[in-house]
Amino acid sequence: MDTERVDLSPLDPAGDRLRYERWVRRILEAAQPELTRRARAAGPLALVAAWARPTLAAAAVIAALALGVLSAVDRGPTPMDSVVDALGVPAPAAEWLEAGREPTAADLVLAMERR
């Protein structure tokens with residue numbers, strides 16, 4: 001292994017200020033076309049804005065189709081009707097449930113007679 005240190009002083013920018021400034025100038029001149037192209041290119045906000053009209057048009061078409069399907073679908077029974085039918089609740093009790101009231105004593109007697 002080499003124990004001698006490598007001399008990096010020629011790479012020190014403070015050593016030869018004029019040479020360092022020429023390097024910087026040459027790099028900037030070489031990069032100028034790319035920097036100009038990037039400055040003219042549209043940013044991310046412009047890219048999103050370009051998609052705004054097609055996205056809104058697609059959303060309007062989807063909404064129109066959804067409204068058409070919803071208006072064409074038969075409503076069918078209400079959720080309460082389907083639960084009452086699925087549980088096999090007797091007719092008098094179904095009437096109480098649909099009316100949203102508690103049964104009276106006469107309703108209970110009538111329900112027991114119909115059994």
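Keep in mind that the numbers below use all heavy atoms, side chains included, and drop hydrogens, waters and symmetry copies. Positions are given from 1 along the sequence.
At a threshold of 4.5 Å between side-chain heavy atoms, the hydrophobic network of Ile, Leu, Val, Met, Phe, Trp and Tyr places Val69 and Val61 in two separate groups.
The side-chain heavy atoms of Asp16 and Tyr20, taken from C-beta on, include no pair separated by under 4.5 Å.
Within the structure, side-chain hydrogen bond (donor to acceptor under 3.5 Å, both in side chains) contacts touching residues 49-69 (residues at least two apart or in different chains) do not occur.
Nearest heavy-atom pair, Pro33 versus Glu29, reported as atom, atom and distance to 0.1 Å: CD-O, 3.8 Å. Closest approach of Gly68 and Ser71 over heavy atoms only: O-OG, 3.0 Å.
Remark: Arg40 CZ is loosely packed, at most 12 non-hydrogen atoms of other residues, nucleotides or ligands lying under 6.0 Å away. The number of heavy-atom neighbours closer than 6.0 Å to CG of Leu45, taken from other residues, nucleotides and ligands shown, is 12 or below.
A salt bridge links Arg38 with Glu34: at least one charged nitrogen is closer than 4.0 Å to a carboxylate oxygen.
Here the CG-CG distance, from Asp7 to Asp12, works out to 10.5 Å after rounding to the nearest 0.5 Å. Rounding to the nearest 0.5 angstrom, the gap separating the CD1 atom in Ile27 from the CZ atom in Arg22 is 13.0 Å.
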